[in-house]
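A short write-up of the structure that comes next.
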Amino acid sequence: MKTVINEIFTSIQGEGPVVGYRQLFIRFCNCNLNCAYCDTEFQSGQEFTPQELFDTIDFEYDLQNIHSISLTGGEPLLSAEFLREFLPKVKQKTKIYLETNATLAGQLSLIKENIDIISADIKLQSSSGIDTFKLHQRFFKECCGIETFAKIVFDENITDTEIQKCCNLGQENGIELILQPKMNGNKMSVSSDFCEKTLDKFLSNYKNVRLIPQVHKFLDVR
Ligand code: SF4
């Protein structure tokens with residue numbers, strides 16, 4: 001079995017509660033969504049078997065001296081069958097951090113025993129242009145027992161109904177919500193004042209919420 005990997009690189013995690021840690025990023029090709037704000041190149045790459053990918057990263061990187069391997073994309077869960085073979089090999093060396101659009105609950109169930117941390121998006125229709133809320137509801141149930149937080153990219157179009165639905169989802173599943181302002185290049189697309197007001201609206205519904213912008217853009221790293 002093979003999958004296509006777009007790129008492999010080390011950098012500093014710039015999003016969410018593990019911000020600042022050194023990670024090895026493995027970017028998978030393809031995605032099942034088409035978000036309006038997507039700026040990631042993930043269409044082409046090199047084919048690997050699980051053993052070839054393990055041998056490559058084990059030879060080229062010091063896996064014991066990174067915080068974790070970030071599985072990113074595109075959508076890594078589209079390669080769940082591949083990950084089912086790959087993850088047990090690499091799990092002996094470091095932790096596994098999954099970045100996902102949180103819409104593929106069935107695929108998560110195939111590999112969850114080897115995942116340490118899940119960074120799961122809640123897509124807002126007002127900024128992503130797509131309605132995935134029901135898929136998120138199923139996905140977060142499947143995350144039970146794994147350290148999970150939800151990342152919410154927002155812009156000036158966020159609605160009070162969306163805020164309420166996100167807070168309900170956070171509360172029902174006991175997960176932290178990380179608010180991330182949408183970026184235009186290296187600048188936030190909304191004002192600091194709007195960020196603060198949005199955070200306060202969330203906090204009036206649910207206490208386990210933080211605002212963390214994309215720090216790697218300020219650091220000018222990948
Ligand atoms: S889920 Fe992520 S990778 Fe897929 S289209 Fe949306 S922003 Fe891009």
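Numbers here are sequence positions counted from 1. Counting starts at 1 for both ligands and their atoms, following the listed order.
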- For Gln23, does its backbone N or O pair with a side-chain atom of His67 as donor and acceptor, under 3.5 Å? no
- Message: Taking Asp58 first and then Lys89, would you say they form a salt bridge - that is, a charged N and a carboxylate O separated by under 4.0 Å?
- Response: no
- Cys38 N/O/S atom closer than 2.8 Å to atom 6 (Fe) of ligand 1: no
- Message: Could you tell me, atom by atom, which parts of ligand 1 come under 4.0 Å of a heavy atom of Leu33?
- Response: 5 (S)
- Query: Is the CD atom of Glu196 crowded by more than 12 outside heavy atoms at less than 6.0 Å?
  - Reply: no
- Message: I'd like to check which ligand 1 atoms, numbered from 1 as shown, lie under 4.0 Å from a non-hydrogen atom of Phe42.
- Response: 3 (S)
- In terms of atom number and element, which parts of ligand 1 are under 4.0 angstrom from non-hydrogen atoms of Lys123? 1 (S), 2 (Fe), 6 (Fe), 7 (S)
- Message: When you compare the side chains of Asn32 and Thr103, does any donor N or O come within less than 3.5 Å of an acceptor on the partner?
- Response: yes
- Query: With a cut-off of 2.8 Å, does Cys31 place any N/O/S atom under that distance from atom 8 (Fe) of ligand 1?
  - Reply: no
- Classify the ring geometry between Phe25 and Phe9 as parallel (under 30°), tilted (30 to 60°) or perpendicular (over 60°). parallel
- Considering only heavy atoms of Gly74, which atoms of ligand 1 have at least one such atom less than 4.0 Å away? 3 (S)
- Query: Are Leu78 and Ile8 linked, directly or through other ILVMFWY residues, by side chains that come within less than 4.5 angstrom of each other?
  - Reply: yes
- Query: Going by the atom numbers of ligand 1, which of them fall below 4.0 Å from some non-hydrogen atom of Asn101?
  - Reply: 1 (S)
- Quick one: look up the protein heavy atom nearest atom 6 (Fe) of ligand 1 and list residue, atom name and how far away it is. Cys35 SG, 2.3 Å
